[in-house]
K.L.:
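Take a look at the following structure, please.
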2 protein chains.
Amino acid sequence: MSNKNKANITELLRASKLSITDTRVKILELFMNSNGALEHSSFEKLAGQTFDRVTVYRTLQTFLDKGIIHSIPTTDTSIRYALCKSECTEHNHHDHHVHFKCEECGNTICLDDTDVPEIHLPKGYAMHNIDVVVSGVCKQCK
Amino acid sequence: MSNKNKANITELLRASKLSITDTRVKILELFMNSNGALEHSSFEKLAGQTFDRVTVYRTLQTFLDKGIIHSIPTTDTSIRYALCKSECTEHNHHDHHVHFKCEECGNTICLDDTDVPEIHLPKGYAMHNIDVVVSGVCKQCK
DNA sequence: CATTGTTTGCAACTTAGTTGCATAATATGA
DNA sequence: TCATATTATGCAACTAAGTTGCAAACAATG
């Protein structure tokens, strides 16, 4: 991990008015070093380091609340999380990209350049958020 | 539950080459009588009847395998299930409708008439399935 | 209606997620 | 840079979700 990234992390936490703690910095490092969405259990596997389960749950919840990460819905038992783009703030998420889950490697990634298309709901429905999850086979697994 | 529905259920199970058992019939009745997607725990709450947890898990898995129901991804801890339309078969799902989760009542429904739009993935990705989940406020809760 | 094969229920287990509280670490202001 | 107020962490103990193996019960078939 470069010093530049370390500085970014510190800045990111400060911008969200979060105190800078070891756990938070290390979890953010994991996000930055991984090229896919992470599930809770990743934090026990990845890195030699282990974190207390409860701390991981609370840290992820804090990051969600602050708009630092977003959650990706699944039909299996593990919710995945990925870093938000810089345009996201506490009260205004702009994660309007498509998520892709590879059936081969199991990896879930954000397709940042693939926009979620407009969807016209029937009359009477108010839309707050759209989640699009595509499953298939990724570039690497072909 | 009308006799007509009972007959439908029997027929549906027979068409999927599943033996007709009490549990399967009753779980399908619950699906037909509810106007939204059901989560696992619904089957213990709904109806005076209780089913063994393990039986519910296995029944839902069987229905998924046979294309009788489909699962709806969530970012909370409970996967939801809804009946498939008749065009779905064991090896060919056509659930290309949008799912809507109401933030007020918590209900999740299939918007059968709202099609999932075309999505153009980056080069090298093969698409097998698309899940779209919209959250907001439903007609009833406004 | 007896036999075969499938489904169910139970027990016991693993994994996921939550809550309360004491301890430890961070931020801040003198 | 130190003392204090505030916040985060780790532990224990818990609830909820999901799985596996096996014996008993049931459905399909001839």
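First the proteins, then the strands, lettered A, B, ... as listed; each starts at 1.
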K.L.:
Between dT19(D), dA8(D), dA16(C), spot the one nearest the side chain of Y57(A), thanks.
P.N.:
dA16(C)
K.L.:
For T23(A), report the nucleic acid contact type (base, sugar-phosphate, nothing); a contact means any heavy atom under 4.0 Å.
P.N.:
sugar-phosphate
K.L.:
Measure the distance from CG on D52(A) to P on dT23(C) and round it to the nearest whole Å.
P.N.:
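Between P of dT23(C) and CG of D52(A): 16 Å.
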K.L.:
Roughly how many Å is it from CG in D76(A) to P in dA17(D), rounded to a whole number?
P.N.:
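To the nearest whole Å, that distance equals 16 Å.
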K.L.:
Expressed in angstrom and rounded to an integer, what is the separation of F43(B) atom CZ from dG18(D) atom P?
P.N.:
12 Å
K.L.:
Indicate yes or no: at least one non-hydrogen side-chain atom of Y81(B) is less than 4.5 angstrom from one of E39(B).
P.N.:
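A side-chain contact under 4.5 Å is absent here.
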K.L.:
So does S19(A) get a backbone contact from the side chain of R24(A), meaning a donor-acceptor N/O pair under 3.5 Å?
P.N.:
yes
K.L.:
Rounded to the nearest 0.5 Å, what's the gap from CG on L121(B) to CG on D113(A)? Could you check?
P.N.:
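L121(B) atom CG to D113(A) atom CG measures 12.0 Å (nearest 0.5 Å).
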K.L.:
Starting from P on dC26(D), measure out to CG on L13(B) and report it in whole angstrom.
P.N.:
18 Å
K.L.:
Would you say a side-chain N or O of T21(B) is under 4.0 Å from OP1 or OP2 of dT8(C)?
P.N.:
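The answer is yes; a side-chain N or O of T21(B) sits under 4.0 Å from OP1 or OP2.
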K.L.:
Select base, sugar-phosphate, or nothing to describe what T62(A) touches, counting heavy atoms under 4.0 Å on all strands.
P.N.:
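No contact.
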K.L.:
What is the distance, rounded to the nearest whole Å, between atom CZ of R53(B) and atom C1' of dA16(D)?
P.N.:
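My rounded result for the distance is 8 Å.
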K.L.:
Which residue, T77(B) or R14(B), contacts DNA chain D at a nucleotide closer to its 5' end, judged by nearest heavy atom?
P.N.:
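The residue mapped nearer the 5' terminus is T77(B).
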K.L.:
Could you tell me whether R24(A) contacts a base, only the sugar-phosphate backbone, or nothing, with contacts defined as non-hydrogen atoms closer than 4.0 Å?
P.N.:
sugar-phosphate
K.L.:
Between the side chains of K101(A) and D76(A), is the shortest nitrogen-to-carboxylate-oxygen separation below 4.0 Å, so that they form an ion pair?
P.N.:
yes
K.L.:
The side chain of V54(A) lies closest to which of these nucleotides: dG18(D), dG17(C), dT18(C)?
P.N.:
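For the V54(A) side chain, the nearest candidate turns out to be dT18(C).
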K.L.:
Tell me which of T55(B) and H40(A) sits closer to the 5' end of DNA chain C, going by the nucleotide each one is nearest to.
P.N.:
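First, find each residue's nearest nucleotide; the 5'-ward one identifies T55(B).
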K.L.:
Roughly, in whole Å, what's the span from CZ in F63(B) to P in dT7(C)?
P.N.:
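Nearest whole value for this atom pair: 10 Å.
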K.L.:
Atom CD of E39(A) and atom P of dA16(C): how far apart are they, to the nearest Å?
P.N.:
8 Å
K.L.:
Roughly how many Å is it from CG in L60(B) to P in dT19(D), rounded to a whole number?
P.N.:
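One finds 11 Å between P of dT19(D) and CG of L60(B), rounded.
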K.L.:
Does E11(B), at its CD atom, have more than 12 non-hydrogen atoms belonging to other residues, nucleotides or ligands within less than 6.0 Å?
P.N.:
no
K.L.:
Describe the nucleic acid contact of R58(A) in one word from base, sugar-phosphate, nothing, applying a heavy-atom distance below 4.0 Å.
P.N.:
base
